[in-house]
There are 2 protein chains.
Amino acid sequence: MARKDSELTGVKEIARRANVSIGTVDRVIHNRKGVSKKTKDKINAIIKELDYQPNIFARRLASKKQLVFAILIPKVSQETNYWEAPLLGIEQAGAEISPYGITVQPYLYEVNDKKSFLEQVARIDLDQVQGVLLAPSFIEESAHFIKALESKKIPYVFINSDIPGYNSLSYFGPDLYQSGYLSAHLMKYLVKRKEKVLIINISQEIDDQHHLSRKEQGFRNYFKDHKIESPILKIDIQQTDYAHVSKALGQILRKEPVAAIFVTNSRVSTVAKYLKKTKDTQPILIGFDYTKENLVFLKEGIIDFLICQKPREQGYKGLMALYQFVLHSRTGEKNNFMPIDIITSENCDFYIN
Amino acid sequence: MARKDSELTGVKEIARRANVSIGTVDRVIHNRKGVSKKTKDKINAIIKELDYQPNIFARRLASKKQLVFAILIPKVSQETNYWEAPLLGIEQAGAEISPYGITVQPYLYEVNDKKSFLEQVARIDLDQVQGVLLAPSFIEESAHFIKALESKKIPYVFINSDIPGYNSLSYFGPDLYQSGYLSAHLMKYLVKRKEKVLIINISQEIDDQHHLSRKEQGFRNYFKDHKIESPILKIDIQQTDYAHVSKALGQILRKEPVAAIFVTNSRVSTVAKYLKKTKDTQPILIGFDYTKENLVFLKEGIIDFLICQKPREQGYKGLMALYQFVLHSRTGEKNNFMPIDIITSENCDFYIN
DNA sequence: TCACGTTGCGTTAACGTACACGAAAAAACA
DNA sequence: TGTTTTTTCGTGTACGTTAACGCAACGTGA
């Protein structure tokens, strides 16, 4: 009899060893009620001993129900199409895993609006969700949501920005400090000794400040570590519209001729727009993100370098990590810092965002 | 009766419509013999009409047999650990898809040895293989193998280098011309007007020449397109050992002081080794690939930039493409040019190869 | 004509799990 | 003690596909 082989695994074997039926084993596996503590413990012990891995094919064949993953990220705004990329990655991953009975439900919030974030959170029915992929833009609001997830034991993955200290499955996103550090490294090649460098923060959001300042820190520390003598100027611009930005730029650039400008986020295109209009010698311009707007100026040569951290891949890999965990109990690295890519007008056509 | 719903799909429905049994339907699906041409055609028509997608869970539950993918790439040599990266990507993909009953069989050949390539090809039993991932280093030898694959209708994917004109499922690898073009772009920032630039080809293999020259072409064309006045020198070194390389370098560098050197492949570390020993002012050095050896010199500052094209991802995505096609009949892009990454001593620790 | 092979097809038992249904056992109540 | 309720558990069917087995019908050669 070849039965010996086949009976060594599966619910049947567990049932046999525990002297119960497969129905009972099934109940403890799904911890439904109706099993005495005693037999439940016995069965759990056997499961652990056998390191029982349920057959996912049989499981998903027998169970008609879909798994649901909720996606909580900003929606694409007129201001920037940055979030298009993660969404594309998510959609691709979603398409790949959909044959395995997984449904992806997007909940998209306004990038600068906490209220909108909370509205979307409220729409998610945690009893119908087996995993969450989120960009925790707003620290406090996210913390509250995450607490709810943990109490329901729903696994979640962060993308784009991290909130350390939580028990997330993993994080896929940039190492902000390093990307600032790298930008400074590029600068070193481009500015001559003692030429001035300007850092520009453009953001109205307070939560953002944390991100921006970590980049700035990296940037400044590189200059310090490498004893670069170029003076660093810096301005904060709290309004993101062109009128404000151009005015602020005009003021400082008239007084202080700079050889290079480092914009700490994707709004570098606004700066580029200003620089294009002035006839003066163009300073080197470095900024972030492969957005439509930035790309135009990159190709025109107004922007010299863009730093980018694979937003598409963040979405793709984030969702895949969720899938690997929920379906196969596979956990990968907890922190997955995306590579820091340097984009120029030459390689931009080949950049896979 | 809810039967109406459930009967609308699956082999049962096909069988019902064709007035045959599911056994017969199964036979034509797996085109086994024992079905008359007439009913076979009828069933195939219905399958197409219904756009029947077999339930993969039921399929893999019922069928105990494993799918086999053969991997035909160079093995890691002492000379370079380049091929470690693709293999790692392949192994990761292999681990992820192994629960779906897929076995990955590596056949590794010596990178510079056609005989070894043919030996490995001979070891592959095409009747036991459902897909092939290969790096077609040797054009003619590969062509022969590919012909065999096509006659058996076994899908195959190229990585690292492409042989256009074949009906491969897809290609994952670099766009050589562009990576040369980009290198030149970097040079532009780094050398002053009329300073000399040196291109170095180090390779004993003839097949390689094709690759190298496409890079060189890209490099030269950038200079032409942008009317850069720096003269370009060039040497070919046909022996890859350090003694030869250093001798050749000594000869040319003594005569011609150059501001920058562009090495067209991963052997840039050999050049770096030489430069490190000379006390002269170090020229800018650009080369290819994130190998162990190159990394050392990059961190020491001898190599300034490395161009890299995600060898790990080539392996990962290549195998995944095979999987998506064989299991889910999903085809993606045919040509997948990898992003052209610029690696410096600053971002190298964050580079995901 | 019989015996035997071939072709074309139907039937059925797996594959491992989920879950509804109902039965037995235990507990609670009278 | 008998009756009801609750707890605990076993049985059976379904999920969609695979493939072994077997049975007709037909053809072939003697």
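Below, chain A is the first sequence line, B the second, and so on; all start at residue 1. On a predicted model such as this, the values are computed, not experimentally measured, just so you know.
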Task: Between C1' of dT18(D) and CG of Asn55(B), the distance in whole Å - done: 13 Å

TODO: Return the angle between end axes of the helix from dT1(C)-dA30(D) to dA30(C)-dT1(D), with five pairs used per end and rounding to 10°.
DONE: 50°

Task: Under-4.0 Å side-chain N/O to phosphate OP1/OP2 contact, Tyr52(A) with dT17(C) - done: yes

Task: Counterpart residues, salt bridge (charged side-chain N to carboxylate O under 4.0 Å, His left out), relative to Glu110(B) (two or more places apart) - done: Lys75(B)

Task: Residues which pass side-chain contact (heavy atoms from CB on, under 4.5 Å) with Val129(B), listed by chain and number, not counting sequence neighbours - done: Val68(B), Ala70(B), Ile124(B), Val132(B), Ile154(B)

- [ ] Could you pull out all residues at least two apart from Glu333(A) that satisfy salt bridge (charged side-chain N to carboxylate O under 4.0 Å, His left out)?
- [x] none

Task: Residues that Phe158(A) engages under ring-ring contact (aromatic ring centres under 6.0 Å, His included), provided they are two or more places apart - done: Tyr156(A)

- [ ] Measure the distance from NZ on Lys12(A) to C1' on dG10(D) and round it to the nearest whole Å.
- [x] 15 Å

TODO: Can you sort out the partners of Ser142(A) under side-chain contact (heavy atoms from CB on, under 4.5 Å), two or more places apart, ordered by chain and number?
DONE: Phe117(A), Pro136(A), Ile146(A), Ile163(A)

Open item on the list: List the residues meeting salt bridge (charged side-chain N to carboxylate O under 4.0 Å, His left out) with Lys42(B), not counting sequence neighbours, and say none if there are none.
Closed with: none

Task: ring-ring contact (aromatic ring centres under 6.0 Å, His included) involving Tyr100(A) - partner list, sequence neighbours excluded - done: Phe57(B), Tyr100(B), His328(B)

Open item on the list: For Lys334(B), I'd like to know if atom NZ has over 12 heavy atoms of other residues, nucleotides or ligands within 6.0 Å.
Closed with: yes

- [ ] Could I get the full list of side-chain contact (heavy atoms from CB on, under 4.5 Å) partners for Glu91(B), not counting sequence neighbours?
- [x] Leu87(B), Leu88(B)

Task: Nearest to side-chain heavy atoms of Asp26(B), which nucleotide of dT18(D), dC15(D), dG16(C) - done: dT18(D)

Task: Value in whole Å for how far the P atom of dC15(D) lies from CD of Gln53(B) - done: 20 Å

Open item on the list: Could you tell me how far apart Glu13(A) (CD) and dT17(C) (C1') are, to the nearest whole angstrom?
Closed with: 16 Å

Task: Under the side-chain contact (heavy atoms from CB on, under 4.5 Å) test, residues paired with Asp125(A) that sit two or more places apart - done: Asp127(A), Gln128(A)

TODO: Check DNA chain D against residues 58-68 of chain A and give the residues with a non-hydrogen atom under 4.0 Å, in numerical order.
DONE: Leu61(A), Ala62(A), Lys64(A)

TODO: Would you kindly say whether Tyr316(B) and Gln314(B) are connected by a side-chain donor-acceptor distance under 3.5 Å?
DONE: no

Task: Gap between atoms CZ and P, on Phe57(B) and dA14(C) respectively (whole Å) - done: 24 Å

Task: Interatomic distance where CD1 belongs to Ile22(B) and C1' belongs to dT17(D) [whole Å] - done: 8 Å

TODO: With a 4.0 Å heavy-atom cut-off, tell me which residues in residues 27-47 of chain A come close to DNA chain C, sorted by residue number.
DONE: His30(A), Arg32(A)

- [ ] Report the distance from atom CD1 of Ile56(A) to atom C1' of dC15(D), rounded to the nearest whole Å.
- [x] 16 Å

TODO: Would you tell me if any nitrogen or oxygen in the side chain of Ser21(B) comes within less than 4.0 Å of OP1 or OP2 on dG10(C)?
DONE: yes

